[in-house]
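What follows is a short report on a single structure.
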Amino acid sequence: MLPQLHRQPWMDSDIETFRDQVRRYIAAEMAPHLPAWREQGYVPRETWRPFGEMGFMLPEMPEAYGGTGASIAYQLVVQDELTRAEMPNNVQVNSIAAHYIMDYGTEEQKQRWLPKLSSGEMLLGIAMTEPGCGTDLKAIATRARRDGDHYVIDGAKTFITNGYTCNLLIVVARTGEAGSRGLSLIVVETENLPGFRVGRLLDKIGLHASDTAELFFDGVRVPVDQVLGASKGLVSSS
Ligand SMILES: Cc1cc2nc3c(=O)[nH]c(=O)nc-3n(C[C@H](O)[C@H](O)[C@H](O)COP(=O)(O)OP(=O)(O)OC[C@H]3O[C@@H](n4cnc5c(N)ncnc54)[C@H](O)[C@@H]3O)c2cc1C
């Protein structure tokens, strides 16, 4: 029996109705699978399609991008209910990373990816950490070299949440000088992508159903229009 929630100051009756829908959905459709998901170390990506169709993936996105234009409180409620049911943090990372696209993407990029992330057709991860670089992100060594209309990515990432199951990834890669100013964010569609490889599904002391993986990039070619933040001067080149 789950404990009764105390009423947060930002709750209203609409959010409570939404919370109730999310809670009942998780209990009926997801909780029975949790032991198997923990055992295998990941939640199958197909799980997020009906979750998205229910409007639970990115409710806070504008309607034009597949959301309902709801306040961020609705995303918090989804996170709260997933956590209470001991579900992994896949949706949390998906949502955090989707806001990079929302905030730094061009209109074309938003139209291209956000509706699919809202519907659960796509699942997003963000790849910063590397075998030789964690907290100190300015040491990132994964490089994206410009070659005509493409970037060519070489390097390795580790500890990436959703790394095993996602089909969209924001890769933090070095496109310019050493240090933090030489880094850019490149959106990579990973399905059937030559040179991209998912390594080990990493074991952890907790979050057993959350896939945390190694990723390898060996000459991965990504069109330059998939870099985020170009119009805001966030793309670095040397
Ligand atoms: C379950 C899980 C999921 C993750 N998901 C992702 C993901 O989706 N994407 C991603 O990119 N990464 C992910 N990570 C990686 C995570 O971001 C890194 O583990 C984190 O950045 C710390 O890096 P590190 O493990 O290399 O530790 P280090 O950077 O080696 O730090 C080790 C310790 O030293 C301390 N420390 C480091 N530098 C200093 C300093 N200058 N001064 C004082 N103290 C310092 C740190 O606070 C920490 O306590 C995940 C990790 C885990 C465990």
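Every number for a ligand or one of its atoms is a count from 1 in the order of the listing. Side chains are part of it too, since the values below use all heavy atoms of this structure and drop only hydrogens, waters and symmetry mates.
Contact shell of ligand 1 (protein heavy atoms, cutoff 4.0 Å): I126, A127, M128, T129, G134, T135, F159, I160, T161, K204.
Among V77, I26, N90, the single residue meeting the side-chain contact (heavy atoms from CB on, under 4.5 Å) criterion with L82 is I26.
Side-chain N or O atoms of E60 include none that pairs as donor or acceptor with a backbone N or O of A70 at under 3.5 Å. In terms of modelled atom types and a separation under 3.5 Å, the side chain of D154 and the main chain of G219 share a donor-acceptor contact.
E214 is linked by a salt bridge (charged side-chain N to carboxylate O under 4.0 Å, His left out) to R200, counting only residues two or more places apart in sequence or in another chain.
Note: F56 and F18 meet the aromatic proximity criterion, with ring centroids under 6.0 Å apart.
Crowding of N192 atom CG: a count of heavy atoms from other residues, nucleotides or ligands under 6.0 Å not exceeding 12.
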